Trainee: 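To start, I am sharing the structure in question, which I have written as structure tokens.
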There are 2 protein chains.
Amino acid sequence: MINFEDYAKSAFTVDNIIFGFDDGNLKVLVIKRGEAPYEGQWALPGNFVYPNEDLDASANRVLQELTGLKDVYLEQVRTFGAVNRHPMGRVITVAYFSLIKITDYKLQGTAPLSKKTEWVSIKDATNLAFDHDEILTACFNRLKRRVRMRPVGFELLPRKFTLTELQHLYEAILEPSKEIDKRNFRKKILSMKILVDLGETQEGVAHRPAKLYKFDKKKYKKFVEEGYIFEI
Amino acid sequence: MINFEDYAKSAFTVDNIIFGFDDGNLKVLVIKRGEAPYEGQWALPGNFVYPNEDLDASANRVLQELTGLKDVYLEQVRTFGAVNRHPMGRVITVAYFSLIKITDYKLQGTAPLSKKTEWVSIKDATNLAFDHDEILTACFNRLKRRVRMRPVGFELLPRKFTLTELQHLYEAILEPSKEIDKRNFRKKILSMKILVDLGETQEGVAHRPAKLYKFDKKKYKKFVEEGYIFEI
DNA sequence: AAAAGTAATTGTAATTCCTACAATATGTAA
DNA sequence: TTACATATTGTAGGAATTACAATTACTTTT
């Protein structure tokens, strides 16, 4: 139970919007609130920033408490501070988003918290508590832009993936735009030379198995130093 | 004199980095601090967020108190909250930047505050108080990106401008990249059809006078609704 | 064993966009 | 009248983007 007196007249929090990709859909992790305000409603994961905690550290903590994961992609998006955004006082929140490999999360299994969590498709994540609809929209918009300018999409895929999976990821995120041409997408991605053909293929599929690739982070970094600019 | 007790254990502020364009150079407005900490050092303009004030409103207030201007381009950039960024306690700051027509500021003349302010070229704005060097860098980087994806450069120019002035503006902001080809720049900008030829020319110059243009905001908005994406 | 089903893989031509590059025009100052 | 300073304009070559469909490799069904 949070005692608001402890946080003085005003408080600040971080919210960490956790994105995952599963079953061809972009998903976000939501939490059912166990206490007022908005008890019983779904909300985005967040927490107060501790007095001796940097902002990024706080966002990472929220992630780790929920998923057990650390060292994942994390990006600050925007700070929300409308005077009445929190019914119990002035609370300013710094919004972050994380990109995780949803399979890793599944392996962790039980979340170490008693909170009820759920992955929901981005389009179904509405009517959230507080101003979380607005926060989610801002984070999703940022992700759409980010994914086109930096190779962060790989953070959402398993280490080994097929080109079709990668394309589906882009389609799920950029959705409203028209669908992507298979040949042109492959041409473009492969021409970047930041994927490694692992020489392996899919197993257990009822059709021609696809080749598996992985993202070559070191090579990408080297290219960046040489002035390369990722864009899709 | 600020009494830190009033802001409890932690406080939040906004910093508003005010950019102007003058004499072919991108400039920022800095303030000489009149009190501890960092007394006598240059700093970025900022202030505490009042209890009943939204964040954007707070940033606008900082701008207006300094320049008398309102209704100018304002954008939130990032929030800085390192535990020890402020020597007198935990202070989290939300960084914004504003783009103003420096000529308008000059007309205002005397700043209504007793603070000593100065326009300095972006490259000379170093050794600022607090973590303001880092904040300025973040805002400048954001501006570089923004100016290529949205037609915000016009906010820094007088209402009527020449194509050469516009090009110089882009060169000043994107500087480190190679200089822009005159013909290609004009072709590109004019092909966007978001500039209006005012049918007037420069006066008082010792050479062929250039045509004056203005940015057609309404037309741009209509194009955006039709799916147009500005890029330079 | 053959056929049907399913998704993976691959190339080319047309078009659009980007880049490099220099001569002429229009004003003021000497 | 000449010198000076900057404004204005076009074209050709190369690069990137787009549109578009047949063949391949594997599993499942008959």
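Values in this document were obtained by computation on a predicted structure and should not be read as measured data. Note: hydrogens, waters and symmetry copies are ignored here, and every other heavy atom, side chains too, is used.
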Trainee: When you measure only distances, ignoring hydrogens and angles, does the side chain of Arg208(A) come within 3.5 Å of the base of dT24(D) through a donor and an acceptor?
Mentor: yes

Trainee: On a heavy-atom basis, which atom in Phe230(B) and which in Met192(B) lie closest, and how many Å separate them?
Mentor: CE1-SD, 3.5 Å

Trainee: Specify the residue among Ala206(A) and Thr162(A) whose closest nucleotide of DNA chain C lies further upstream toward the 5′ end.
Mentor: Ala206(A)

Trainee: Among dT8(D), dA20(C), dC20(D), find the nucleotide with the atom closest to the side chain of Asn184(A).
Mentor: dC20(D)

Trainee: So, does Arg148(B) use its side chain to make a donor-acceptor pair with the main chain of Ile232(B) at under 3.5 Å?
Mentor: yes

Trainee: Given atom CG of Asp181(B) and atom P of dA7(D), what is their separation to the nearest angstrom?
Mentor: 14 Å

Trainee: Would you indicate what Thr164(A) reaches in the nucleic acid, counting non-hydrogen atoms under 4.0 angstrom: base, sugar-phosphate, or nothing?
Mentor: sugar-phosphate

Trainee: Please tell me whether Phe97(A) and Phe19(A) form a close aromatic pair, meaning their ring centres lie under 6.0 Å apart.
Mentor: yes

Trainee: Over how many whole Å does the gap from Glu203(B) atom CD to dA7(D) atom C1' extend?
Mentor: 16 Å

Trainee: Take atom CD1 of Ile180(A) and atom C1' of dA19(D), then tell me their distance rounded to the nearest Å.
Mentor: 15 Å

Trainee: Between dT24(C) atom C1' and Arg183(B) atom CZ, what is the distance in whole Å?
Mentor: 12 Å

Trainee: Can you check the Ile189(B) CD1 to dT9(D) C1' distance for me, whole Å?
Mentor: 17 Å

Trainee: Expressed as a whole number of angstroms, how long is the span from Lys211(B):NZ to dG27(C):P?
Mentor: 12 Å

Trainee: Does Lys182(B) contact dT6(D) through a side-chain donor or acceptor facing the base, at a distance under 3.5 Å?
Mentor: no

Trainee: Between Arg186(A) and dT9(C), is there a side-chain N or O to OP1/OP2 distance below 4.0 Å?
Mentor: yes

Trainee: For Glu179(A) and dC20(D), what is the distance between atoms CD and P respectively, to the nearest whole Å?
Mentor: 12 Å

Trainee: Please compare His207(A) and Lys187(B) by the position of their nearest nucleotide in DNA chain D and report the one closer to 5'.
Mentor: Lys187(B)

Trainee: Over how many whole Å does the gap from Phe185(B) atom CZ to dC17(C) atom C1' extend?
Mentor: 17 Å

Trainee: Using modelled atom types and a 3.5 Å cut-off, is there a donor and acceptor pairing between side-chain atoms of Asn16(A) and backbone atoms of Gly46(A)?
Mentor: no

Trainee: Look only at the side chain of Ser121(A) and the backbone of Asp124(A), and say whether a donor-acceptor pair between them is shorter than 3.5 Å.
Mentor: no

